[in-house]
Structures are given as C-alpha cells and as structure tokens.
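A short worksheet on the structure shown next.
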Amino acid sequence: MAKPKYWLIKSEPSVYAYAQLAQDGKTEWTGVRNFEARNNIRAMKPGDLCLYYHSNEDKAVVGVAQVLTPPGPDSTAPDEDWAATFMGPVTAFTQPVALATIKATASLKDFPLVTRGRLSVAPVTATHFKQVLKLGKTALPA
DNA sequence: GCCAACGTTGGC
DNA sequence: GCCAACGTTGGC
C-alpha cells in the first residue's frame, strides 16, 4: 500500500468515544460541517492513519484510527455537499496524550490542536504523528 | 457556565 | 467583495 498520510480527527467522547469505535469495528465518520475539514476528508485515502482526539471531557489523544474507504457523501446530509469515510480502530494508546502535554512539548508547537483548536479534521506530519505515538507509549501493530 | 476564537452568513 | 453580526466550538 502507498505511504499513508496522517490526520487528526476529533470527537466528543460523549458522542462517539474511541472505545465505541473499538467495539463497533468500523463507523461512518459523519457530521463534519466545516469546509476545510470536509476538504481534508476528501483528501483521505484507505490506509491513512488518524490520531483520535477526545474534545471537551477528556482533552486528550486516546488512540489511532484508520481510513477504511475512499471518501464519499455524508449519508447524514444526503442533499448537501459534505463528505465522510468509514473509520476503523487501529490501537488505543497505552497512555492518553493530554492536550496540556502537547502544548507543553516544544516540538509539537505546530500541532493542529495547538494552532487550529477548532478544526475537526486536520493533516498531521509524519514527525508529529510519531511523536504523539511515543508520548502515548504505543507502537503501531505490525 | 463563561467567554474567546473563529468560521459562516448576509446586508450593503 | 467587504465587513459586521451571528452561531458554534471547545478550553478553562
């Protein structure tokens, strides 16, 4: 498979937590209602890896998800021009990486959670992705 | 629960 | 095409 791209996706744990994704095995990632986030979804391809951030209650990156399908229309808004993909679980972090930790890490100064707090789907560099994995004390499954 | 940040909308 | 008003998000 081609080299994956990396993303940050956000969800409120009370709406759809990572544990729910792990339990479901896959879910349609819907509800994005922001043009920039939509365009980011449209740039996704199967095999891309996503850091999964819990906003509000947790304020921490808690795991890694992966893109399962090419982006298509958001089935929750069939008459509007939005996008969605199916996501599957990859691994939960051994240790969640708190927003405060990310903000306190100099090399993550440009991480999208810091610079673009409200963007729900954002690209992440391979370097940042690896750093967050390390902070989460987690390795990707082989 | 408050408020700051920011994206979107709509009037001009 | 600008910009003020508004609504929503999300950290604190």
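What you are looking at is a predicted structure, and each value in this text was computed from that prediction instead of being measured.
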| task | Describe the nucleic acid contact of A:N56 in one word from base, sugar-phosphate, nothing, applying a heavy-atom distance below 4.0 Å. | result | base

| query | Of all residues at least two apart in sequence or in a different chain, which pass the ring pair (Phe, Tyr, Trp, His ring centres under 6.0 Å) check with A:F111? | reply | A:H128

| task | Can you tell me the distance, in whole Å, between the CG atom of A:D81 and the P atom of B:dT8? | result | 13 Å

| Taking it one step at a time, do A:W7 and A:Y52 satisfy ring pair (Phe, Tyr, Trp, His ring centres under 6.0 Å)? | CA-CA 9 Å; A:W7 306 93; A:Y52 198 107; over 10 Å; no

| message | Please report the distance, rounded to the nearest Å, between CD in A:E57 and C1' in C:dG10. | response | 11 Å

| task | Return the nearest nucleotide to the side chain of A:R118; candidates are C:dG11, C:dT8, B:dT8. | result | C:dT8

| message | C:dG11, OP1 or OP2 - any side-chain N/O from A:Y53 closer than 4.0 Å? | response | yes

| Which part of the nucleic acid does A:L119 contact within heavy-atom distance under 4.0 Å: base, sugar-phosphate only, or nothing? | nothing

| d(CG, A:L99; P, C:dT9) in whole Å | 18 Å

| note | Between CG of A:N34 and P of B:dA5 the distance, given in whole Å, is 18 Å

| said: With no hydrogens and no angle check, just 3.5 Å: does a side-chain donor-acceptor pair link A:Q131 and A:S107? | reply: yes

| field | Rounded distance (Å) that lies between atom C1' of B:dC6 and atom CG of A:L113 | value | 16 Å

| said: How many whole angstroms separate atom CZ of A:R33 from atom P of B:dG7? | reply: 18 Å

| field | Donor on one side chain, acceptor on other, A:D24 and A:Y16, under 3.5 Å | value | yes

| message | Is there a side-chain contact between A:K10 and the phosphate of C:dG10, meaning an N or O under 4.0 Å from OP1 or OP2? | response | yes

| request: Nearest whole angstrom, please: distance from the P of C:dG10 to the CG of A:D58. | output: 14 Å

| Going by an N to O cut-off under 4.0 Å, is there a salt bridge joining A:D74 and A:R38? | no

| Relative orientation of the end axes in the helix from B:dG1-C:dC12 to B:dC12-C:dG1, expressed as an angle to the nearest 10° (five pairs per end) | 10°

| task | Figure out the CZ/P separation between A:F35 and B:dT9, and round it to whole Å. | result | 5 Å

| message | So A:R116, base contact, sugar-phosphate only, or nothing? Heavy-atom distance under 4.0 Å. | response | sugar-phosphate

| query | Judged by modelled atom types alone, do A:E36 and A:N40 share a side-chain donor-acceptor pair under 3.5 Å? | reply | no

| Do NZ/NE/NH1/NH2 and the carboxylate oxygens of A:D81 and A:R42 come within less than 4.0 Å? | yes

